[in-house]
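Worksheet: the structure to be examined is printed underneath.
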2 protein chains.
Amino acid sequence: MLEDIYMVTMKKIAELCGVSRGTVDRALNGRGRVNAETAAMIKKMAEQLGYEPNPAGKALAARKNHPVIGVLLPSEGNAFFDDVIHGMDRAAAAYAIYGLTVRYYPMKGYNVDKQLHLMEQMKGKVNALIISPIDDARIAKAIDDFVDAGIFVVTVVNDIKSSKRHCYVGSDYFNGGETACALLHALLGEQAKVGIVMGSRQVLGHRERLEGFEHRMKRLPGFSIVDVVENGDDEICSYERTKNLLDDHPDISAMFLLAAGVYGACRAIMQLPEGKRPVTIAFDSVPSTVEMMRQGIVKAILYQHPVRQGRMAINLAFEYLVNGRMPDKKNYIMKNEIRLLENL
Amino acid sequence: MLEDIYMVTMKKIAELCGVSRGTVDRALNGRGRVNAETAAMIKKMAEQLGYEPNPAGKALAARKNHPVIGVLLPSEGNAFFDDVIHGMDRAAAAYAIYGLTVRYYPMKGYNVDKQLHLMEQMKGKVNALIISPIDDARIAKAIDDFVDAGIFVVTVVNDIKSSKRHCYVGSDYFNGGETACALLHALLGEQAKVGIVMGSRQVLGHRERLEGFEHRMKRLPGFSIVDVVENGDDEICSYERTKNLLDDHPDISAMFLLAAGVYGACRAIMQLPEGKRPVTIAFDSVPSTVEMMRQGIVKAILYQHPVRQGRMAINLAFEYLVNGRMPDKKNYIMKNEIRLLENL
DNA sequence: TTGTATGCGTTATCAA
DNA sequence: TTGATAACGCATACAA
C-alpha cells in the first residue's frame with residue numbers, strides 16, 4: 001500500500017507518544033516552548049514512522065497566509081520570455097486557490113543598476129523571488145541578502161552559481177552548444193566553416209554555449225570557426241555585423257545564431273544568392289525565427305522548453321511557501337530539443 | 001485580488017441561499033435528494049459567484065474514498081512503456097495523499113482476446129481505466145461498456161477514435177512521419193532511396209507514421225521509398241527482414257525504423273561496410289537504441305515524451321476522480337522531438 | 001511547558 | 001427533501 005506512508009498523521013504520533021497534537025506540532029516544526037526530551041522523542045517517532053505532512057491539510061490551515069511570489073525578468077522586448085511567463089501564468093492560476101499571488105517586475109535588457117533597483121523595490125513585498133539574474137557580483141550579493149532575509153530564491157533562464165539562490169531552473173547552455181555543433185555536423189558532413197553570431201560575452205549562458213560548441217568541435221577536424229561576432233541582442237546591430245561577417249568571409253558554409261537577433265542576422269543572410277546561403281541554425285522558436293524557418297533561411301532550431309521553465313519555477317516556489325518543501329535538487333535542467341519546421 | 005474569486009465557498013453559498021451546506025453539496029454535485037427549484041437556485045448562485053471547489057478541502061474529505069486507477073498496457077517486453085510507467089508512478093506518488101491507488105495490468109503484445117480478458121478482470125475493481133488499446137472493434141465495444149458504466153477512460157500511446165473514451169494522451173503519429181521525412185531530407189539533401197522497417201500495419205500509429213512520411217515526401221522529387229517491411233515488433237524478424245531488404249536493394253541510402261525492432265534492424269545494417277551504411281533514424285530512446293546511436297548506426301531519433309504521457313494520463317484520471325473535473329480537451333498530444341546522441 | 005478548542009472547505013452520515 | 005454534525009490533517013490562539 002503506497003499511500004500508507006501518508007496515513008501517518010500528527011494525531012497518530014501524538015497518541016503514540018502520549019502527548020497532545022499541539023506538542024507534536026511545536027516539536028516537529030521547531031516552534032520552541034517544548035521540553036527538549038519530549039521533542040526528541042516525538043521527532044524520533046515521526047522519523048521512524050516516516051511521517052510526511054499532508055499538503056492538503058497544510059493548505060487548508062494556511063488560508064490566512066497570502067504568500068506573494070515576485071518575478072523579476074528582463075522580459076521587455078524579449079520574445080523568449082513571453083513563453084516563460086505564459087508557463088508561470090498557468091501555474092499561478094492553478095495555485096490561486098491556495099491564496100498564492102504572483103507579482104511581475106519586468107525590465108528591459110541587462111542593466112545591473114536597474115535590476116538592483118527593482119530588487120530593492122521588492123524587498124518586504126514578496127515571500128519568494130524568481131529572478132533571471134545578470135551575471136554580476138553586485139547582483140549575487142543582492143540575492144544573498146534576500147536569502148539571508150529568509151526569502152526563497154529561484155533563478156530561472158539565467159543562473160548565478162556564486163550566489164546562495166536555493167535552486168536554478170533553466171537549460172544546460174554548454175550542452176546546447178554541443179548539440180548545436182553535432183547538429184551542424186549531421187546537416188553538413190565533415191567539412192564546415194562556421195560563422196557565429198552571439199549576444200554578449202557578458203551573458204554567462206552565451207559564453208557557455210560557445211564553449212560547448214567549441215568543445216564538441218574538437219572531434220571534428222574539418223570544422224573551423226571563421227569568426228564570432230556580438231550583436232548585444234539588437235536586431236539592427238545583428239544585421240550589420242552579420243552582413244560584414246558574410247562579406248569578409250565568403251567561404252562560410254554554416255551560421256550558428258546562438259542568442260537573440262536572429263531576424264537581423266537572417267536578413268543579412270537573405271541578401272546572398274539562394275545557392276550561396278550558409279546552413280543556419282538558431283535557438284528558440286520565437287515568432288520571428290519561425291518566420292525565418294518558413295522562408296527557408298533557418299534550417300533548424302534548438303528549443304529549451306520555455307513554458308515548462310516558467311511553470312517549474314512557480315511550482316518550486318509554491319512547494320516551499322505553501323507546503324514548506326525544499327526543492328530536492330539544486331538544478332532543474334530542461335533538455336535542448338532539435339526542431340524543424342515540421343515539428344514546431 | 002485574484003484569489004478573491006476563490007474565496008467563494010459552499011458555506012457562503014449556503015448562507016446566501018438560506019440553506020444548509022449539505023443541500024449545497026447535493027445540488028452542486030448532483031447527488032439527488034434535493035428539490036429541483038432549490039437546486040436550480042443554488043446552481044445559479046454558484047455560477048454567478050464563480051464558485052470553484054477547493055481541492056485541498058476535497059482532498060481532505062476524500063480520504064475515506066480510495067479511488068483506484070486501473071492501467072492496462074502492452075508493456076511486457078516493450079521498453080518504451082518503461083518510461084510511460086515511470087511517469088505514472090511519479091504522478092501516483094504525488095497523488096497518494098488523496099488516497100489514490102494505481103493498479104497495473106500488464107500484458108505482452110497485441111492479442112485482442114487477452115486484452116479483453118484483462119478488461120473483464122478489471123470490471124468493478126477500478127474507478128478509472130487507462131488503456132493502450134488495440135485498434136479493434138471488439139476493444140472499442142469493451143471500452144464503450146466501461147464508459148457506459150460510468151468509468152472514466154483515457155487512452156494512452158494508442159487511440160481508438162471510434163470509441164467513447166473520454167480522452168487520448170499520446171503523440172501525433174502522422175506528424176511523426178512527416179518530421180522523420182523532413183529530418184532525412186535535412187540529413188541527406190535532395191536525393192534519397194529509403195528503406196522502411198515498420199512493426200505492423202495492424203497498429204494504427206504505425207500506419208499513420210508511414211502515411212505522414214509519404215505525405216511529406218510528395219514535396220521531395222528526389223526521394224523514393226524502395227520497400228517497406230514489417231517485423232511484428234520482433235528483433236529476430238526485424239534482423240532477417242532488414243538483412244533481406246539491404247541485400248535486395250544495395251542502393252538504399254536511408255533507413256527509417258518507425259517502430260520497435262530497432263536493435264535487430266541495426267545488427268543487419270552493421271554487416272554492411274562502414275562507408276556503405278545508410279543514414280538511419282528511429283523512434284524512441286530505449287536503451288538498446290541509445291546503444292546503437294553510440295555505435296554510430298542510428299544517427300538521430302524522434303522522441304515522444306513517454307514520461308510526460310504517463311504523468312498526464314494519471315493526471316487526467318486524478319482530476320476527474322478527485323476533483324470531478326472533466327478534461328478540457330479530447331486529445332493531449334506530445335511534440336515529436338528530434339534528438340542526437342548529444343541531447344539525449 | 002503542555003493541552004484544548006476552533007477553523008480552514010468539503011463530504012458523509014444520520015436524524016428530522 | 002432537508003439540516004445538523006462529525007471527520008479529514010494541520011495550525012494557532014488561548015487556557016492551564
Side-chain angles (χ1 to χ4, degrees), chain A residues 3-42 46 49-67 96-100 321-325, chain B residues 3-42 46 49-67 96-100 321-325:
Chain A
E3 75 266 37
D4 274 349
I5 62 165
Y6 292 101
M7 295 299 293
V8 184
T9 70
M10 293 179 64
K11 186 178 164 192
K12 194 167 283 179
I13 293 174
E15 285 166 12
L16 261 52
C17 292
V19 298
S20 76
R21 309 212 286 273
T23 307
V24 174
D25 174 53
R26 286 188 290 266
L28 257 33
N29 295 307
R31 300 188 211 283
R33 300 181 306 157
V34 61
N35 186 300
E37 290 166 34
T38 352
M41 191 250 290
I42 292 169
L49 298 178
Y51 168 72
E52 286 286 332
N54 182 319
K58 281 200 158 180
L60 228 38
R63 284 291 310 229
K64 302 148 206 168
N65 300 343
H66 281 218
I97 45 171
Y98 295 88
L100 192 86
L321 292 174
V322 177
N323 295 330
R325 252 202 275 279
Chain B
E3 74 265 40
D4 275 349
I5 62 165
Y6 293 101
M7 294 301 293
V8 184
T9 70
M10 292 180 64
K11 187 177 162 192
K12 194 166 284 179
I13 294 175
E15 285 166 11
L16 261 51
C17 292
V19 297
S20 76
R21 310 212 288 273
T23 308
V24 175
D25 175 51
R26 287 188 291 267
L28 257 33
N29 295 305
R31 299 188 211 282
R33 299 181 307 157
V34 59
N35 185 299
E37 290 165 34
T38 351
M41 191 249 291
I42 291 170
L49 298 177
Y51 167 73
E52 285 287 332
N54 182 321
K58 281 204 160 180
L60 229 38
R63 289 287 313 231
K64 305 148 206 170
N65 298 344
H66 281 223
I97 46 170
Y98 295 88
L100 191 87
L321 291 175
V322 177
N323 294 331
R325 253 202 276 279

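A, B, ... follow the sequence lines: proteins, then strands. Residue 1 opens every chain.
Closest contact between the side chain of Leu60(A) and the listed nucleotides dG9(D), dG3(C), dA4(D) involves dG9(D). Among the nucleotides dG9(D), dG9(C), dT11(C), the one closest to any side-chain atom of Thr9(B) is dG9(C).
One finds no side-chain N or O of Lys11(B) lying less than 4.0 angstrom from the OP1 or OP2 phosphate oxygen of dG7(C). Side-chain nitrogen and oxygen atoms of Arg31(B) include at least one within less than 4.0 Å of the OP1 or OP2 phosphate oxygen of dA12(C). Within the structure, a side-chain polar atom (N or O) of Thr23(B) is placed less than 4.0 Å from OP1 or OP2 of dG3(D). For Thr38(B) and dT2(D), the shortest distance from a side-chain N or O to OP1 or OP2 is below 4.0 Å. Between Asn54(B) and the phosphate of dC8(C), there is no side-chain N or O to OP1/OP2 separation shorter than 4.0 Å. Applying the 4.0 Å criterion to OP1 and OP2 of dG9(D), one finds that Lys58(A) has every side-chain N and O outside that range.
Asn29(A) has its CG atom 9 Å from the C1' atom of dA11(D), to the nearest Å. For Lys12(B) and dG9(C), the NZ to C1' distance is 12 Å, given to the nearest whole Å. Here dC14(D) presents its P atom at 16 Å from CG of Asp25(A), a figure rounded to the nearest Å. When rounded to the nearest whole Å, the span between CE of Met10(B) and P of dG7(C) equals 19 Å.
When all heavy atoms are compared, the tightest approach of Leu49(A) to Val8(A) is O-CG2, 3.4 Å. The shortest non-hydrogen separation linking Ala39(A) to Val34(A) is CB-CG1, 4.1 Å.
Two residues are said to be in side-chain contact when any heavy atoms from C-beta on lie closer than 4.5 Å; Thr23(A) and Asn35(A) fail this criterion.
Distance check, rounded to the nearest 0.5 Å: CD of Glu15(B) to OG1 of Thr9(B) gives 7.5 Å. In this structure, the separation between CZ on Arg21(A) and CE on Met10(A) is 9.0 Å, given to the nearest 0.5 Å. Interatomic distance, Leu28(A) CG to Ile42(A) CD1, rounded to the nearest 0.5 Å: 7.5 Å.
Using a 4.0 Å heavy-atom cutoff across all strands shown, Asn35(A) reaches sugar-phosphate atoms only and no base atom.
Summary of the strand contacts: Val34(A) and Arg21(A) both lie near DNA chain C, and taking for each the nucleotide with the nearest heavy atom, the more 5' one is attributed to Val34(A). When each of Gly57(B) and Gly32(B) is assigned the nucleotide of DNA chain D bearing its nearest heavy atom, the one mapping closer to the 5' terminus is Gly32(B).
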Could I get a table of every N or O pair under 3.5 Å where one atom is in the protein and the other is in nucleotides 13-16 of chain C?
none

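Just one residue in the list Lys11(A), Arg31(A), Arg33(A) forms a salt bridge (charged side-chain N to carboxylate O under 4.0 Å, His left out) with Asp25(A), and that residue is Arg31(A).
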